[in-house]
Amino acid sequence: MAASLQPDDKPAPENTNPQDLRSVLVTSVLNLEPLDKDLFRGSHHWVPTTQRLFGGQIVGQALVAAASSVNDEEHVHSLHCYFVRAGDSKVPVLYQVERTRDGQSFSVRSVKAIQNGVPILICQASFHRFQESPMKHQYTMPTVPPPEELLTMEELIHKYLKDPALVDKHRLGLNKILAQDVPIEIKPINPPDMFHRMPQEPRKMFWVRAKGFIGPGDMRLHCCVAAYISDYSFLETAQLPHLQYRMKFLASLDHSMWFHASFRADEWMLYECESHWAGNSRGLVHGRLWRRDGVLAVTCAQEGVFRVRQGTTASRL
């Protein structure tokens, strides 16, 4: 697999916007420039409002680099990453791949994402040749409304902005969210109350897919895009019971993924996120990405650090 992600040339599905036939995740965000054997550079950064590098992009690019060094018959089945430093959105990221092991069934790769001479992320990825087995089971997918019956986050925000009673600070915040131009499409099952910060159960679900067309292509490509998607709004699940507090700092500490079945990242998948624990300034979140036909495609886990502003609580309307 080349470090530059190029999907097969196939007709775009009906729901694809003709102005965005190729997903920017493929054409830009996850593309790497080969510099030498097992050495790559990523220069195109999607930057959220925090102005720090988006962790999902670094994980996705690290997987692109790792996958470029294994045989075509091998596909990623798991990855485990540690975020060791905040990334600088103004500096390219170097990806250095170490070929840790090549076995008959499994291969392991270690990747360092480097800026200014020091690692910002350390990733271990394991690849597996397909092996059929009679041992199979999985959870049952939750019953939720189909994506066709729900509004996207952008549509919800535009709906909120039409409210003449919307106060200026909330209007400004919503416009900032729209300006981020996120390269994925999200349809919440239960749209969040964006103005009344009331504590709620640490669980949320939303339909998600990459914007634009990717196509059947190489399964590795879809895994790299899923790595990007999996980090978006994931850690915030652990915040939901504690919305009365103002956050001083929030950041991911690690990120793990297990890939179970084939899928397309440009088709709707249900992302089920829940947090079983928070404490000691940390929170743990688990997630499951389901295909529309009920097949469990990916399992995710992440721990993050949460620092609360002492003596302050978020204001409520």
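The structure displayed is predicted, hence computed values, not measured ones.
Across all non-hydrogen atoms, the minimal contact from Gln61 to Leu32 is O-CD1, 3.4 Å. Taking both residues in full, the closest heavy atoms of Ile58 and Ala113 are given as CG2-CB, 3.9 Å, listed atom of the first, atom of the second, then distance. Closest heavy-atom contact between Pro241 and Pro199: O-CB, 3.3 Å. The two residues Ser126 and Val108 come nearest to each other via the heavy atoms OG-CG2, 4.2 Å. Considering all non-hydrogen atoms of both residues, Phe83 and Gly55 come closest at CE2-CA, 3.6 Å. Among all heavy-atom pairs drawn from Trp268 and Val208, the shortest one is CE3-N, 3.5 Å.
When only modelled atom types and interatomic distance are considered, Ser281 and Arg307 share no side-chain donor-acceptor pair under 3.5 Å. Ser233 and Lys204 share a donor-acceptor pair across their side chains, judged by distance under 3.5 Å alone. Ser230 and His255 share a side-chain donor-acceptor pair at under 3.5 Å. Side chains of Asp102 and Ser107: a donor on one and an acceptor on the other come within 3.5 Å.
In Gln131, the CD atom is crowded: over 12 heavy atoms of neighbouring residues, nucleotides or ligands sit closer than 6.0 Å.
Salt-bridge annotation for Glu74 and Arg101: absent, with no side-chain N of the basic residue lying under 4.0 Å from a carboxylate O of the acidic one. A salt bridge does not link Glu267 with Arg209: none of the charged nitrogens is closer than 4.0 Å to a carboxylate oxygen. Between Glu185 and Lys211 there is no salt bridge, since none of the side-chain N atoms of the basic residue sits less than 4.0 Å from a carboxylate O of the acidic one.
Separation of the His128 and Phe106 ring centroids falls under the 6.0 Å cut-off. In this structure, the ring of Phe54 has its center less than 6.0 angstrom from the ring center of Tyr228. In this structure, Phe234 has its ring center closer than 6.0 angstrom to the ring center of Tyr271.
Asp266 contributes atom CG, which lies 13.5 Å from atom CD1 of Ile184 (distance to the nearest 0.5 angstrom). Here the straight-line distance linking atom CG of Leu235 with atom OG of Ser252 works out to 5.0 Å at 0.5 Å rounding. For the atom pair CG of Asn116 and CZ of Arg85, the computed distance is 10.0 Å after rounding to the nearest 0.5 Å. The line from CZ of Arg282 to CG of Leu253 is 8.0 Å long, rounded to the nearest 0.5 Å. Distance check, rounded to the nearest 0.5 Å: SG of Cys273 to CE of Met205 gives 10.0 Å. Rounding to the nearest 0.5 Å places CG of Leu35 at 6.5 Å from CG of Leu94.
Under the rule for a ring pair (Phe, Tyr, Trp, His ring centres under 6.0 Å), the partners of His276 that lie at least two apart in sequence or sit in another chain are His286.
Judged by distance alone, with hydrogens and angles left aside, the side-chain atoms of Gln115 form a donor-acceptor pair with the main-chain N or O of Val91 at under 3.5 Å. The backbone N or O of Ser69 sits less than 3.5 Å from a side-chain atom of Arg109, completing a donor-acceptor pair. Looking only at distances, no side-chain donor or acceptor of Asn71 sits under 3.5 Å from a matching main-chain atom of Glu73. For Arg291 (side chain) and Ser262 (main-chain N/O), a donor-acceptor pair under 3.5 Å exists by modelled atom type. Remark: side-chain polar atoms of Asp88 are paired, donor with acceptor, to backbone N or O of Lys90 under 3.5 angstrom. Of the possible polar contacts, none joining the His75 side chain to the Cys223 backbone as a donor-acceptor pair under 3.5 Å is found. A donor-acceptor distance shorter than 3.5 angstrom exists from the side chain of Arg220 to the backbone of Ala67, with no hydrogens or angles considered. Listed for the Gln138 side chain is a donor-acceptor partner under 3.5 Å among the backbone atoms of Gly294. Put simply, the side chain of Lys187 never gets that close to the backbone of Trp207: no donor and acceptor are under 3.5 Å apart.
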**Asked** Can Val308 and Lys248 be said to form a side-chain contact (heavy atoms from CB on, under 4.5 Å), step by step?
**Response** CA-CA 5 Å; Val308 176; Lys248 179 180 179 181; over 6 Å; no
**Prompt:** Between Arg203 and Glu272, does a salt bridge (charged side-chain N to carboxylate O under 4.0 Å, His left out) hold up when you go through it step by step?
**Reply:** CA-CA 8 Å; Arg203 188 170 189 260; Glu272 179 187 12; 2.6 Å; yes
**Message:** Let's go through Val93 and Arg41 carefully: what are the C-alpha distance in whole Å and the side-chain angles of both, what is the deciding distance for side-chain contact (heavy atoms from CB on, under 4.5 Å) to 0.1 Å, and is it a yes or a no?
**Reply:** CA-CA 6 Å; Val93 181; Arg41 176 166 55 201; over 6 Å; no
**Stepwise side-chain contact (heavy atoms from CB on, under 4.5 Å) check, Phe259 with His222** = CA-CA 11 Å; Phe259 300 86; His222 289 280; over 6 Å; no
**Item:** side-chain hydrogen bond (donor to acceptor under 3.5 Å, both in side chains) evaluation trace for Arg288 with Thr299
**Value:** CA-CA 5 Å; Arg288 290 182 282 270; Thr299 299; over 6 Å; no
**Asked** Is there a side-chain contact (heavy atoms from CB on, under 4.5 Å) between Cys300 and Trp258 once you walk through the steps?
**Response** CA-CA 6 Å; Cys300 312; Trp258 295 264; over 6 Å; no
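Using a 4.5 Å heavy-atom threshold, the side chains of Pro145 and Ile189 count as touching. Looking only at side-chain heavy atoms (C-beta outward), Val26 and Leu221 come within less than 4.5 Å of each other. Counting only heavy atoms from C-beta outward, the side chains of Ile186 and Tyr232 approach each other to under 4.5 Å. Asn190 has its side chain out of reach of Pro188: every pair of non-hydrogen atoms, C-beta onward, lies at least 4.5 Å apart. Side-chain contact check for Glu98 versus Val111: every heavy-atom pair is 4.5 Å or farther apart. Residues Met257 and Val298 meet the side-chain proximity criterion, which asks for heavy atoms closer than 4.5 Å. His80 is listed as a side-chain neighbour of Ser78, based on a closest heavy-atom distance under 4.5 Å. Contact check for Phe306 versus Gln239: side-chain heavy atoms found under the 4.5 Å cut-off.
Val97 and Val59 end up in the same hydrophobic cluster when Ile, Leu, Val, Met, Phe, Trp and Tyr side chains are linked at under 4.5 Å. Met247 is connected to Val285 through a chain of hydrophobic side-chain contacts under 4.5 Å among Ile, Leu, Val, Met, Phe, Trp and Tyr, so both are in one cluster. No single ILVMFWY cluster, assembled from side-chain heavy atoms under 4.5 Å apart, contains both Leu30 and Ile114. At a threshold of 4.5 Å between side-chain heavy atoms, the hydrophobic network of Ile, Leu, Val, Met, Phe, Trp and Tyr places Trp290 and Val295 in two separate groups. The cluster map of Ile, Leu, Val, Met, Phe, Trp and Tyr, joined by side-chain heavy atoms under 4.5 Å apart, puts Val182 and Leu53 in the same cluster.
A side chain to side chain donor-acceptor pair (under 3.5 Å) with Gln302 is found for exactly one of Thr237, Asp254, Asp231, namely Asp231.
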